[in-house]
**Student:** 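My questions all concern the structure below.
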There are 2 protein chains.
Amino acid sequence: MPTARTPSSSESAALDTRVLESLVGYNTRRAWSVISSVFAERMAVYGLKQVDFSVLSLLAHNPGATSRQLCATLDILPPNLVSLVAAMDSRGLIERRPHPTDGRAVGLHLTAAGRKLVREAEQTVTQLELDASAKLTVRERETLIKLLQKVYL
Amino acid sequence: MPTARTPSSSESAALDTRVLESLVGYNTRRAWSVISSVFAERMAVYGLKQVDFSVLSLLAHNPGATSRQLCATLDILPPNLVSLVAAMDSRGLIERRPHPTDGRAVGLHLTAAGRKLVREAEQTVTQLELDASAKLTVRERETLIKLLQKVYL
DNA sequence: TATTGTTATACTCTATAACTATA
DNA sequence: TATAGTTATAGAGTATAACAATA
């Protein structure tokens, strides 16, 4: 007869989470947490954080965008974007050019290296999306995105 | 004729966000960000953060749960739960009792004041959920939760 | 007078190492 | 030897105030 063993707390009966699991907020946070981990892991290969990817991807499709526009779009505060942009400039991924019509602003542009990195990173993210939504049909994935946008738009 | 004015960056043409908006990850984060703000705002009335609410709600439905179980359920690291539990103890919302079978562990229980606060807070959260998903039908809200759980469970 | 970009700084959140008491 | 709870601490992430240059 095997020796009786007290199960550790982590393996013991799980808690009743039915109330929390009935909340859109709780489920959204949990889903984001999981996707976020995988995202961080796969972007680390490129030396990019999640916000870095967002910035580079936005610049790829909006050349010459200003820091202020990036902040408004991504809900980042201006002081917190400064070092991020500076770092990507140092890495040679982006270039800061004088804004054509506003002497206060700086237009941000991807360099050739930046464009190459975004192309690769966007492919990785596309694969990541497929993996993260592997349990969803194509139609369900579209529905999920549509419903999430109804919440925040 | 009105004077011409250069539109500020924040009011000028919005950036093209179509790539980001096609990603489950991006939309989940944005939705969580919006819900999170409203949640924080309304829970401030009770002096509760989001994680505080989760802990109290779990204890309401799982009396005697241990710190370890809360950590495993909510994805919190043990050292980060210590001060949180201590603060709720000081406020008289929870009580720490010796665990009936494990001398290392501490069973956490709501006090009468804690139970009263959870009741009120859960009602506020229920209303918050209705507001946050105001643009969703009852059926869509259920679908959203089901799809989110397919992503993280 | 308002806005862009910036510096400095503070506050919160999250993460790691190491200790103690008990299993 | 492993686990529960704890301490101390480090690192991200996020927030506000204030400044120079330009609108």
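Predicted model, so just to flag it, every value in this text is computed and none were measured. In what follows, chains carry the letters A, B, and so on, assigned in the order in which the sequence lines appear, proteins first and then strands, with residues in each chain numbered from 1.
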**Student:** Heavy atoms within less than 4.0 Å of DNA chain C: which residues of residues 33-46 of chain B have one? Give them sorted by number.
**Tutor:** none

**Student:** How long is the span from the OG atom in A:S57 to the CD atom in A:E122, to the nearest 0.5 Å?
**Tutor:** 4.0 Å

**Student:** OP1 or OP2 of D:dA23 less than 4.0 angstrom from a side-chain nitrogen or oxygen of A:R104, does that happen here?
**Tutor:** no

**Student:** Can you sort out which residues in residues 75-87 of chain B have a heavy atom within less than 4.0 Å of DNA chain D? Ascending by number, please.
**Tutor:** B:P78, B:P79, B:V82

**Student:** Just jot down the salt bridge (Lys or Arg N to Asp or Glu O under 4.0 Å) partners of B:K135, sequence neighbours excluded, or say none.
**Tutor:** none

**Student:** With the side chain counted from C-beta on, respond yes when A:S133 and A:L144 share a heavy-atom pair under 4.5 Å apart, and no when they do not.
**Tutor:** no

**Student:** Does any non-hydrogen side-chain atom of A:S22 lie less than 4.5 Å from one of B:I145?
**Tutor:** no

**Student:** Which nucleotide in the set C:dC13, C:dT4, D:dG5 lies at the smallest distance from any side-chain heavy atom of B:V106?
**Tutor:** D:dG5

**Student:** Assigning hydrophobic clusters by single linkage (Ile, Leu, Val, Met, Phe, Trp, Tyr; side-chain heavy-atom cutoff under 4.5 Å), is A:L15 placed with B:L59?
**Tutor:** yes

**Student:** Nearest whole Å is fine: how far is C:dG5 P from A:H99 NE2?
**Tutor:** 8 Å

**Student:** Taking CZ from B:R97 and C1' from D:dG5, how many angstroms apart are they, rounded to a whole number?
**Tutor:** 19 Å

**Student:** For A:V51, which contact category applies under a 4.0 Å heavy-atom criterion: base, sugar-phosphate, or nothing?
**Tutor:** nothing

**Student:** Rounded to the Å, how far apart are A:W32 CH2 and C:dT14 P?
**Tutor:** 13 Å

**Student:** Give, for atom CG of B:L81 and atom CZ of B:R68, the distance between the pair rounded to the nearest 0.5 Å.
**Tutor:** 10.0 Å

**Student:** Output the rounded distance in Å from CG (A:L74) to P (D:dT14).
**Tutor:** 11 Å

**Student:** Under a single-linkage rule joining Ile, Leu, Val, Met, Phe, Trp and Tyr whose side-chain heavy atoms are separated by less than 4.5 Å, which residues share a cluster with A:W32?
**Tutor:** B:W32

**Student:** Starting at atom NZ of B:K49, determine the distance to atom C1' of D:dA15, rounded to an integer number of angstrom.
**Tutor:** 12 Å

**Student:** Expressed in angstrom and rounded to an integer, what is the separation of A:I94 atom CD1 from C:dG5 atom P?
**Tutor:** 12 Å

**Student:** What integer distance in Å separates A:L108:CG from C:dT4:C1'?
**Tutor:** 12 Å

**Student:** If only side-chain N and O atoms of A:R96 are considered, is one of them under 4.0 Å from the OP1 or OP2 phosphate oxygen of C:dT6?
**Tutor:** yes

**Student:** Could you pull out all residues at least two apart from A:T17 that satisfy side chain to side chain donor-acceptor pair (under 3.5 Å)?
**Tutor:** A:E21

**Student:** Measure the distance from CG on A:L48 to P on D:dA12 and round it to the nearest whole Å.
**Tutor:** 16 Å

**Student:** List the residues meeting side-chain contact (heavy atoms from CB on, under 4.5 Å) with A:A60, not counting sequence neighbours, and say none if there are none.
**Tutor:** A:L110, A:V118

